[in-house]
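The block underneath contains the structure these notes are about, expressed in structure tokens.
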Amino acid sequence: MQRHLKPNNTVRKSFVAVIAGLFITVGCVLGALVADSIGNITAKSDSIDDSRAVSAAASAVGAMKKQLEGTIRDNAFWDDAYDQVNSDNRDDWITENWGTTTEAYPLYDTAIVVDATGKSIMAYENGAPLEGSLSQHFDGGVDALIAAARAGTSVSVHFVRSDEGVVLMGAAAIRPSNPDIRFDKAKLYHLLFAKHLKPDAVAEMASDFSLKGLTLRQHPDASGLNTSLDDISGKPVGYFAWPRQLPGSRSFVEAKPELRAAALILVLFLGGLGFVGFITIRNLRAGENLSRHHATHDALSGLWNRAGLLENLGHEHEYASKTGATTQLNFIDLDGFKAVNDGWGHGVGDSLIVAVADRLSHMMPNGAIIARLGGDEFAIVLTETVQALETADLPRRIQQCLARVFDIDGRTIEIGASVGVAESSGGILAASELIRQADIALYRAKDSGRGVSIIFEPSFDDETRRVAQLEGQLRQTLANDEIGIVFQPLVHSDGRGICGVEALARWQPSDGTMIGPDIFIPLAERSGLIDTLGQQIMTKAVRAAAQWPGLGLAVNVSPLQLKNPRFVRQVLDILAQASFEPSRLTIEITEGVLISNPDQAHRAIKGLKAAGIKIALDDFGCGFASIGTLRAFGFDRMKVDRSLIIALNNEANAGKVLQATIALANALDIPVTAEGIETDEQAAMVRLSGCDELQGYLFSRPLTAEKLTASYFPARQSDVTVAAS
Ligand code: C2E
Ligand code: CA
Ligand code: CA
């Protein structure tokens, strides 16, 4: 199940196939058109030549007939001949004039004279008398010719079959050419000339009329061209046949190599065109893919970026909707990355990001999608069946994989991860909702400390709503300047009584409930209200404490306030306005700020100290700051954390830890306050360990300004009431 977004190979392949197909089709169509037109031209020129040859043959036959007809006319329509055949000299004359001339006369080789009854009175062939009757030598065509000549006045010439083959024969009545001479039509003799179609005659015709291969045949040649040689009734007695010349086909055969070359060039041209097109399209696609890659990928890690993740989530949503699978979105935030960046520089930070990306990529199951959302935030998406997701157990594996130390350029770096998880079954949640839920879960995980994974639950939304509502209320309270303040006394450990007070913020919203600073201070920090809140507390505390001469005032300040570059100025202004001696003020900070923002903290602390304000390290003993760091900041006081005091009752060597902690501070010449002292034993213990100031319910709970005045400065009661209101 690999559903990562990838350049779509199938689409690209089918696109190329379409282009190739297009070119092949165009090539084929062009080729077919060219072949077709060449075929047409070939057939056309062949058929033109066929018609030419057929009409040449017809002309040859026509010319032959005309020639014979003319010869017969000259001899038959002749006054002298008419007289002679009707004289006693008839037989000698016709034999001499027509019979013997058949021997060598080119225009006829047979001469026949028949009398009015149709009986042959002379028949000669090739100079010799023709033995036997006419019907022995010729078919019925002869009689038909004589009949036609008798019936009309013209010469009739047609083909007749003879015992030697085919002859062209004509017949005409022998009559005077002079129209004035009268004659009896019924008594006319008839003259017949014939010419045998011998091979030499056929050859001569062939050369005269360009009919190559001309032959005389009894039956037509189916494969060649034919002209029928018809008798007087139109019935063929033979055929002139000759092969088709097919000049078109021959030219085609001759031109074949050139045509082949042309076709090859066409194919090469189209192929080249197709190739260039393919390369162009491929380059365009590559460019498109590259810019698409840039738009959806993180340059440093090579993973998907936020846009890429969104796009992938869209696909996962679609897939899950179809298959009913569950999409699990893991948001990962590296623990301690900022410290690496600040401590080692951005180069190392970048290398660490790449190493993290690499490690996550390697441990990911098949089909998972991994993205870097910027900074030290990553996301892994996996769409699977619920069982498969349980088996994959991604949140735990992410933790394990990132808990192992990293070796970056020889530096051993330890980080960890907070993971927020959200799940959607069958695509029920839109991508944006899945992201929102994973975000909330991650937020919770980070809030719960390092290395925690939290899966989103619907109740988180109630909580979120509640927090949002609370934030609104706090904003309103601050706008009305209604944040409350109490003061808890600090006493000398040697029993000399009160030496100062610690101001503690109190918030009682309009509904009357009491909300602890453990809740509303972080809320103010998260919602950007901490500066306002801090200023209001500082103002109220200073005003109240101004009425308590000789008492020190301790005010808690959030690390975020120290980041504000105007913070020192603001504090000094407040002190000036209340004419409060700066040396009476101690600002309590926790050590977190020293590690997260050492430069800013240092600058603020320097500014405050320069004005004579003291700085105390709050909650000392439960952090990680080194002695060097503590010394570098020049604290005026340390406050041992209450957890160390509580431990005294529960843990065996808690006393030793407490003693060591206090001894450490004393070694640095820093006085120590113990807070949270509830019993005399605890008081005695810390006193012995070297604390010079104590604070706790044993001495006093936090008190309102009025109560504190009433308890410690009864004479000033009225003044304080005015100041704290
Ligand atoms: P913290 O600075 O360590 O303040 C001491 C906390 O311990 C106070 O709780 C105080 O009421 C409580 N405490 C003192 N003695 C005893 C004792 O004997 N037993 C017990 N059980 N508790 C004792 P609180 O007032 O709830 O304040 C909690 C935390 O809220 C403070 O811890 C401080 O970190 C923060 N905070 C309070 N006010 C402010 C403020 O104005 N600004 C800032 N930034 N933080 C504040
Ligand atoms: Ca404090
Ligand atoms: Ca404390």
Side-chain angles (χ1 to χ4, degrees), residues 335-349 375-376 411 413-415 450 502-503 521-522 524-526 528 530-535 537-538 541-542 552-576 580-641 661-662 664-673 675:
D335 297 329
F337 176 73
K338 204 178 170 316
V340 172
N341 237 352
D342 292 346
W344 301 105
H346 288 278
V348 175
D376 59 346
R411 297 181 180 89
I413 295 178
E414 240 176 301
I415 51 164
R450 296 168 149 250
E502 177 181 2
I521 295 295
E525 285 175 338
R526 279 202 297 268
I530 191 65
D531 282 339
T532 311
L533 188 147
Q535 269 195 334
I537 293 290
M538 183 68 76
V542 167
L553 170 67
V555 177
N556 296 285
V557 163
S558 155
L560 287 180
Q561 287 176 269
L562 288 189
K563 284 170 103 179
N564 180 354
R566 292 191 302 273
F567 174 71
V568 175
R569 185 73 262 149
Q570 286 167 351
V571 172
L572 296 181
D573 285 351
I574 291 168
L575 295 182
F580 195 86
E581 180 59 41
S583 61
R584 281 178 63 196
L585 178 64
T586 300
I587 282 181
E588 295 188 8
I589 59 171
T590 49
E591 66 173 41
V593 68
L594 311 179
I595 293 163
S596 63
N597 287 300
D599 295 344
Q600 286 163 323
H602 215 274
R603 209 177 308 120
I605 288 168
K606 237 172 91 182
L608 294 168
K609 280 179 71 98
I613 297 167
K614 292 192 198 66
I615 309 294
L617 179 66
D618 207 351
D619 302 342
F620 178 54
C622 63
F624 306 92
S626 68
I627 304 172
T629 308
L630 298 180
R631 201 205 309 262
F633 282 92
F635 290 109
D636 299 289
R637 178 165 289 279
M638 304 218 189
K639 292 185 78 172
V640 173
D641 193 62
T661 307
I662 295 167
L664 171 68
N666 286 340
L668 294 169
D669 260 345
I670 302 175
V672 181
T673 304
E675 62 180 4

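Only a predicted model underlies this, so the values are computations on that prediction, with no experimental measurement involved.
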- Message: Strictly distance-based, threshold 3.5 Å: is any side-chain N or O of Gln561 a donor or acceptor partner for the main-chain N or O of Ser558?
- Response: yes
- Considering non-hydrogen atoms only, spot the tightest contact between Ala632 and His602 and give its length. O-NE2, 3.5 Å
- Decide yes or no for Leu585 and Met538: does some side-chain heavy atom of the first lie under 4.5 Å from some side-chain heavy atom of the second? yes
- Query: To the nearest 0.5 Å, what is the distance between CD1 (Ile415) and NZ (Lys338)?
  - Reply: 15.0 Å
- Item | Spacing of CZ belonging to Arg450 relative to CD belonging to Glu414, to within rounding of 0.5 Å | 8.5 Å
- Carefully, step by step, assess Glu525 and Ile530 under the rule side chain to side chain contact (heavy atoms under 4.5 Å, CB included). CA-CA 5 Å; Glu525 285 175 338; Ile530 191 65; 3.9 Å; yes
- Locate the shortest heavy-atom distance separating Val568 from Gly607; write the atom from each residue and the value. CG1-C, 3.9 Å
- Message: So for atom CZ, which belongs to Arg411, do other residues, nucleotides or ligands contribute more than 12 heavy atoms lying within a distance under 6.0 Å?
- Response: yes
- Query: Do Val571 and Asp573 come close enough that some side-chain heavy atom pair is under 4.5 Å?
  - Reply: no
- Query: Side chains of Ile587 and Phe567: does their closest heavy-atom pair fall under 4.5 Å?
  - Reply: yes
- Task: Evaluate side chain to side chain contact (heavy atoms under 4.5 Å, CB included) for Ile670 paired with Asn666, printing each intermediate quantity in order.
- Result: CA-CA 5 Å; Ile670 302 175; Asn666 286 340; over 6 Å; no
- Task: Could you check if a side-chain atom of Asp641 sits within less than 4.5 angstrom of a side-chain atom of Phe620, using non-hydrogen atoms only?
- Result: no
- Beyond-backbone contact of Val640 with Glu675, side-chain heavy atoms, under 4.5 angstrom: no
- Task: Give the minimum heavy-atom separation between Ala541 and Ala503, together with the two atoms involved.
- Result: CB-CB, 3.8 Å
- Query: For the residue pair Lys609 and Gly634, what are the closest heavy atoms and their distance?
  - Reply: NZ-O, 2.5 Å
- N-O pairing of Arg603 and Asp599 below 4.0 Å: no
- Please report the shortest heavy-atom distance between Gly621 and Thr661, naming the atom on each side. CA-CG2, 4.1 Å
- Task: Quick one: do Thr586 and Ile613 satisfy side chain to side chain contact (heavy atoms under 4.5 Å, CB included)? Show the steps, please.
- Result: CA-CA 6 Å; Thr586 300; Ile613 297 167; over 6 Å; no
- Message: In the structure I gave you, are the side-chain heavy atoms of Asp619 and Glu591 within less than 4.5 Å of one another anywhere?
- Response: no
- Message: Could you check whether any side-chain N or O of Lys614 sits under 3.5 Å from a backbone N or O of Leu608, counting only pairs where one atom can act as donor and the other as acceptor?
- Response: no
- Does Ile615 offer a backbone N or O that forms a donor-acceptor pair with the side chain of Asp636 under 3.5 Å? yes
- Query: Going by heavy atoms in the side chains, are Arg637 and Thr673 under 4.5 Å from each other?
  - Reply: yes
- Query: Would you say Asn564's side chain and Asp531's backbone share a donor-acceptor pair under 3.5 angstrom?
  - Reply: no
- Query: Do Ile589 and Phe635 have side-chain heavy atoms sitting under 4.5 Å apart?
  - Reply: yes
- Item | Test log, rule side chain to side chain contact (heavy atoms under 4.5 Å, CB included), inputs Asn341 and Val348 | CA-CA 7 Å; Asn341 237 352; Val348 175; over 6 Å; no
- Query: Roughly how far, to the nearest 0.5 Å, is the CD1 atom of Ile605 from the CG atom of Leu562?
  - Reply: 6.5 Å
